[in-house]
There are 2 protein chains.
Amino acid sequence: MKKTRALLPLGEFEMLVLLAILQAGDGAYGSAILEQVHQRGGRSVARGALYVTLERLDAKGYVASRTEAGPPVRGGRPRRYYTVRPTGLALLRRSLEALGRMREGLELGLKHS
Amino acid sequence: MKKTRALLPLGEFEMLVLLAILQAGDGAYGSAILEQVHQRGGRSVARGALYVTLERLDAKGYVASRTEAGPPVRGGRPRRYYTVRPTGLALLRRSLEALGRMREGLELGLKHS
DNA sequence: TCTCAATGCATACATTGTTGGCATGAAGAA
DNA sequence: TTCTTCATGCCAACAATGTATGCATTGAGA
């Protein structure tokens, strides 16, 4: 984490990234997160886009990261793993709940939740 | 509608506004929409923020608007009513579905949908 | 050695998000 | 009638988020 900025609502992509980190669980490093966004989010973004967002989420204290030695296949070279911090999780919940309330009673015929 | 720009993913606030219009139904004019965002979205934004967003959604063809005579209490002065167009609805669905898939399997303990 | 693949990060620019204040016109008070 | 107050809508400006390209590093394997 770099500094502690405002407590503004999460952007759309920020939500996706936060959720992707949660989905990736322990192995949440760049490519894995990107993969989640691609698969579930059904959207392909450039790696750079992800890293910039991760950096910003980090700066706001919503995620934490540790640089750990990678798997042997990778020659043990380090990777940067991310985790969602309580603040980030809380904010994510708030955003999702707002959307949920916003949707209440509407018949949108979504294919998923 | 002004012009037809890109087909990028909807921003967070844009989703809220689109949903708010749907919630407001027939009476979807500025203040009514704002009220929905405030109540359900649990967030207070300046009127200007809403109008700018509506304008942009309009420019992208996601919403349509008609200026109609307002109620007698208002001396019949006109109001601008908005409706969500098919394109906007489709995009909204896509965004919500992506979030839905992104959430699948996660135990977030949300208070609502 | 040389090349390739996997990562992460920096740069730059486009799009969104947000606020504050201006303007108009009817209603109601003075 | 004149003044003040709402209710609306909109514009200018600026902050934050979204996104693509491309550079740099470092083992693996040819």
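Chain naming here is simple, since letters A, B, ... match the order of the sequence lines and numbering starts at 1 in each.
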Legend entry - Cluster overlap B:Tyr29 with B:Leu16, hydrophobic side-chain contacts below 4.5 Å: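 Different clusters: B:Tyr29 never reaches B:Leu16 through Ile, Leu, Val, Met, Phe, Trp or Tyr contacts under 4.5 Å.
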Legend entry - Cluster link A:Leu22 to A:Leu34, ILVMFWY, side chain under 4.5 Å: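 Result: yes, single cluster for both.
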Inset, instruction - Check every strand shown and say whether A:Gly30 touches a base, only sugar-phosphate, or nothing at a heavy-atom separation below 4.0 Å. - result: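 Touches sugar-phosphate only.
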Inset, instruction - Identify whether any heavy atom of B:Gly11 sits under 4.0 Å from a base atom; if not, whether one sits that close to sugar-phosphate; answer base, sugar-phosphate or nothing. - result: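 Since only primed, P, OP1 and OP2 atoms lie under 4.0 Å of B:Gly11, the category is sugar-phosphate.
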OP1 or OP2 of [N] versus the side-chain N and O atoms of [X]: is any pair under 4.0 Å?
X: B:Tyr51; N: D:dG9; result: yes
X: A:Tyr29; N: C:dT7; result: yes
X: A:Ser31; N: C:dT7; result: yes
X: B:Arg80; N: D:dC10; result: yes
X: A:Lys60; N: D:dA16; result: no

Inset, instruction - Search all heavy atoms of A:Tyr81 against all heavy atoms of A:Pro71 and return the closest pair with its distance. - result: OH-CD, 4.5 Å
Legend entry - Given C:dG21, D:dG18, D:dT19, the nucleotide with the shortest approach to the side chain of A:Glu14: D:dG18
To the nearest Å, give me how far apart [atom1] ([X]) and [atom2] ([N]) are.
X: B:Glu35; N: D:dG9; atom1: CD; atom2: P; answer: 14 Å
X: B:Leu50; N: D:dA7; atom1: CG; atom2: P; answer: 16 Å
X: B:Leu91; N: C:dT16; atom1: CG; atom2: P; answer: 10 Å
X: A:Arg47; N: C:dA5; atom1: CZ; atom2: P; answer: 13 Å
X: A:Leu10; N: D:dA16; atom1: CG; atom2: C1'; answer: 12 Å
X: A:Arg56; N: D:dA16; atom1: CZ; atom2: C1'; answer: 7 Å
X: A:Glu12; N: C:dA14; atom1: CD; atom2: C1'; answer: 15 Å
X: B:Leu18; N: C:dT16; atom1: CG; atom2: P; answer: 12 Å

[X] side-chain N/O to [Y] backbone N/O, donor-acceptor pair under 3.5 Å:
X: A:Arg103; Y: B:Leu19; value: no
X: B:Arg101; Y: A:Arg40; value: yes
X: B:Gln23; Y: A:Glu104; value: yes

Please state whether the base of [N] and the side chain of [X] form at least one donor-acceptor pair under 3.5 Å?
X: A:Arg79; N: C:dG8; result: no
X: A:Arg77; N: C:dG8; result: no
X: A:Arg43; N: D:dG18; result: no

Inset, instruction - On DNA chain D, check which nucleotide each of A:Gly48 and A:Pro72 is closest to and give me the residue with the more 5' one. - result: A:Gly48
Inset, instruction - For A:Ala49 and for A:Pro78, find the nucleotide of DNA chain C with the closest heavy atom, then tell me which residue's nucleotide is more 5'. - result: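 Residue closer to the 5' terminus by nearest nucleotide: A:Pro78.
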